[in-house]
Amino acid sequence: MDGQDDKPKKPVYKYEPGELDKTRKNLGFIEADEAKKMVQVLGGEVGLEKSAPVDEKAIRRVRSARMTQELRAGNSSHRASRQSESADENGGRIIKSTVTPAVTSQAPTAGTTVLKDILPRLDGKTRSRMDKLMMLPEYGIKTNYGIFNFLNGFRKNGHDRIAEQFVSVTMQTYVSRLCSFQSNVLKLISVAPKPIQEKIARNPALQYKMLRTIGDWSVHSLDTMYRSILRTPSNVTTASLVNVTRLIYKLVLSVFFIGEQKFVDLLKSVYGEIHSQPKVQKEMLLSLFQNITVDWMYVYQRIPRGLYPLLLRMCSNEYFEFSELFTKQLGKVFKFLGITKYDILLPEKQQEDGAEEKTATPEQTEQAAPNSQSAQEEFQGADMGLKILD
C-alpha cells in the first residue's frame with residue numbers, strides 16, 4: 001500500500017481546450033531559470049488540457065462537400081478532354097485551358113514590410129545587468145520589485161516596461177529643460193543688436209555657431225513626440241522610447257563636446273559683446289545669461305547620464321559603463337543616432353587672440369555657474385572617443 005502512495009500522481013485533465021495556449025501568450029517568453037523560480041514560489045500541481053469536443057455532424061458535412069467537389073472536378077476534366085479531342089478533329093485547333101492551382105501559402109508582396117527587432121538582442125546575463133542598471137534609484141527607469149522582479153514575465157512586455165514615474169516626471173523634466181534652454185538662447189539673440197545677430201546667423205566663429213546650432217534645434221518635434229508617449233505613461237516600453245531618446249541625444253551631443261566650462265566662456269564673450277552696445281537692456285541681458293548658464297549646466301550634467309541606461313540598451317548588445325560608452329564605444333552611439341563627427345561642434349584648438357580678455361564678466365557669473373569640476377573630469381575622455389572615430 002505504501003509503495004502505491006509513493007508513486008507520482010498522474011496529471012489531471014482540468015483545463016478547458018485552448019486555455020493553456022491563451023495563458024502562454026499572455027505570459028510571453030519566460031526563461032528556464034525564471035520558470036523554476038515561479039514553480040518554487042507559486043507552487044501548484046501539473047494539469048493537462050481537455051480534448052476539444054468532436055463535432056461529428058461537421059465532419060460528415062466536410063466529407064460530403066469534399067466528395068461533391070471531387071465529382072465536379074472529375075466531370076470538368078472529362079468535359080475538357082472531350083472538347084480537346086473534338087477540336088483536334090475539327091481543323092486541328094487546340095484549345096488551351098488555364099489551370100488554377102490551389103493556394104497553399106501566400107508569398108509577401110512587394111509592398112509588404114517585414115518588421116525587425118529595433119533593439120539589439122541580448123543574452124540573459126547582459127539583459128539582467130542592464131535591467132538592474134535601469135532599476136537603480138539614480139535612474140529609476142524601471143520599477144524594482146525586488147525578489148518578485150521575475151513576475152514581470154506575467155505581464156505583456158513586462159521585461160521592457162518603463163516606470164510610469166520616469167515617463168511622466170523625469171522625461172518631462174528633460175524635455176522642458178531643453179525647450180527652456182533653446183527659448184532663452186533665442187531670446188538672447190533677439191535682444192542683440194542687428195550687427196551681432198548677423199554674426200550669429202553667418203559668422204563661423206564657435207561662439208556664434210553654437211548659439212546658431214541651439215537656435216535651430218527641433219524642440220517642437222521633440223515636445224510633440226513626447227506628448228504622444230505621455231498619453232499612455234503606464235504602457236511605455238523601451239522600444240517606444242527609441243525615437244525620443246535618439247532625438248534628445250542628437251540635440252545635446254551637437255554642442256556637448258564643446259565642454260561645460262568652454263561653453264560658458266564662449267557665452268560670456270557674446271554676452272560681453274552685446275553688453276558693450278548702447279541701448280541694451282542690461283538687466284534683461286544679465287538674466288538671460290544666467291538662465292542660459294543654469295540650463296546648460298543641467299543639460300550637460302544630467303541629461304546624457306540620466307538617459308544613459310536607455311541609450312546603452314538601444315545601441316549596444318554589450319554592457320559598458322557610461323564613461324566607456326562615450327569614449328571607446330562612441331562609434332556605437334553615433335551609429336544609433338545616425339550622425340558623424342561632422343554633425344557636432346568641437347572646441348577650437350587655438351582661440352582668437354584676446355577674444356576672452358576683452359569681454360565683460362557678469363556680476364553674478366559665479367552664482368549662476370556652480371562648481372562642476374568633477375563633471376568636467378568625468379567627460380574629459382570624450383576627446384579620446386572622437387579620435388577613435390578618425
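The analysis underlying the following values was restricted to heavy atoms, covering all of them including side chains, and did not include hydrogens, waters or symmetry mates. Positions are given from 1, in the same order as the sequence printed here.
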Output side-chain donor-acceptor pairs under 3.5 Å for residues 183-192, partner residues at least two apart or in another chain, one line each.
residue: Asn184; atom: ND2; partner: Ser180; partner atom: O; Å: 3.2
residue: Asn184; atom: ND2; partner: Asp295; partner atom: OD2; Å: 3.0
residue: Ser190; atom: OG; partner: Lys187; partner atom: O; Å: 2.6

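Contact check for Arg161 versus Val236: no side-chain heavy atoms found under the 4.5 Å cut-off. Side-chain atoms of Trp217 and Ser254, non-hydrogen and from C-beta on, do get closer than 4.5 Å to each other. Between Trp296 and Glu260, some side-chain heavy-atom pair lies under the 4.5 Å cut-off. Between Leu307 and Val252, the closest side-chain pair of non-hydrogen atoms is not below 4.5 Å. Proximity of Val333 to Leu253: side-chain heavy atoms (C-beta onward) are separated by under 4.5 Å at one or more points.
Here the straight-line distance linking atom OG of Ser240 with atom CD1 of Ile162 works out to 7.0 Å at 0.5 Å rounding. Once rounded to the nearest 0.5 Å, the distance linking CD of Glu321 with CZ of Phe326 reads 13.0 Å. Atom-to-atom distance recorded for Leu286:CG and Asn291:CG is 9.5 Å, nearest 0.5 angstrom. Once rounded to the nearest 0.5 Å, the distance linking OG of Ser218 with CG of Leu247 reads 4.5 Å. Atom CD1 of Ile274 and atom OG of Ser269 lie 9.5 Å apart (nearest 0.5 Å). Here CG of Leu136 is found 11.0 Å from CE of Met134. Values are rounded to the nearest 0.5 Å.
The one candidate from Tyr298, Phe181, Tyr308, Tyr249 that meets the side chain to side chain contact (heavy atoms under 4.5 Å, CB included) condition with Ile303 is Tyr298.
The backbone N or O of Glu324 lies less than 3.5 Å from no partner atom in the side chain of Gln329, so there is not a single donor-acceptor pair. A donor-acceptor pair under 3.5 Å is formed between the side chain of Thr293 and the backbone N or O of Phe289.
For the pair Arg202 and Tyr208, the cation-pi test (distance below 6.0 Å, angle within 45°) is failed. Remark: Arg302 is not positioned above the aromatic ring of Tyr174, lacking an NZ or CZ atom under 6.0 angstrom from the ring centre and at most 45 degrees off the axis.
Considering all non-hydrogen atoms of both residues, Leu346 and Phe257 come closest at CD2-CB, 3.7 Å. Of all heavy-atom pairs between Ser316 and Leu122, the closest is O-CD2, 3.8 Å. Residue Tyr226 comes nearest to Val167 through the heavy atom pair OH-O, 2.7 Å, listed as atom of the first residue, atom of the second, then distance. Minimum heavy-atom separation, Met284 to Gln281: CE-OE1, 3.1 Å. Between Lys332 and Glu318, the shortest heavy-atom contact is NZ-OE2, 4.3 Å. Scanning all heavy atoms of the two residues, the minimum distance from Met130 to Leu312 falls at CE-CG, 3.8 Å.
Annotation: Tyr300 is in aromatic contact with Phe256 [ring centroid separation under 6.0 Å].
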Report task. Output, in order, the C-alpha distance, side-chain angles, deciding distance and verdict of side chain to side chain donor-acceptor pair (under 3.5 Å) for Asp123 and Thr126. Result -> CA-CA 6 Å; Asp123 57 51; Thr126 302; 2.9 Å; yes
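Classification of Lys199 and Glu273 as a salt-bridged pair holds, one side-chain N sitting under 4.0 Å from a carboxylate O.
Residue pairs that meet the salt bridge (charged side-chain N to carboxylate O under 4.0 Å, His left out) test with at least one member in residues 206-216, sequence neighbours left out, do not exist here. Legend: salt bridge (charged side-chain N to carboxylate O under 4.0 Å, His left out) pairs involving residues 224-241, not counting sequence neighbours, sorted by first then second residue: Asp223-Arg227.
No more than 12 heavy atoms of other residues, nucleotides or ligands shown are found within 6.0 angstrom of NZ on Lys125.
Under the 4.5 Å side-chain heavy-atom criterion for ILVMFWY residues, no single connected hydrophobic cluster contains both Val169 and Val175.
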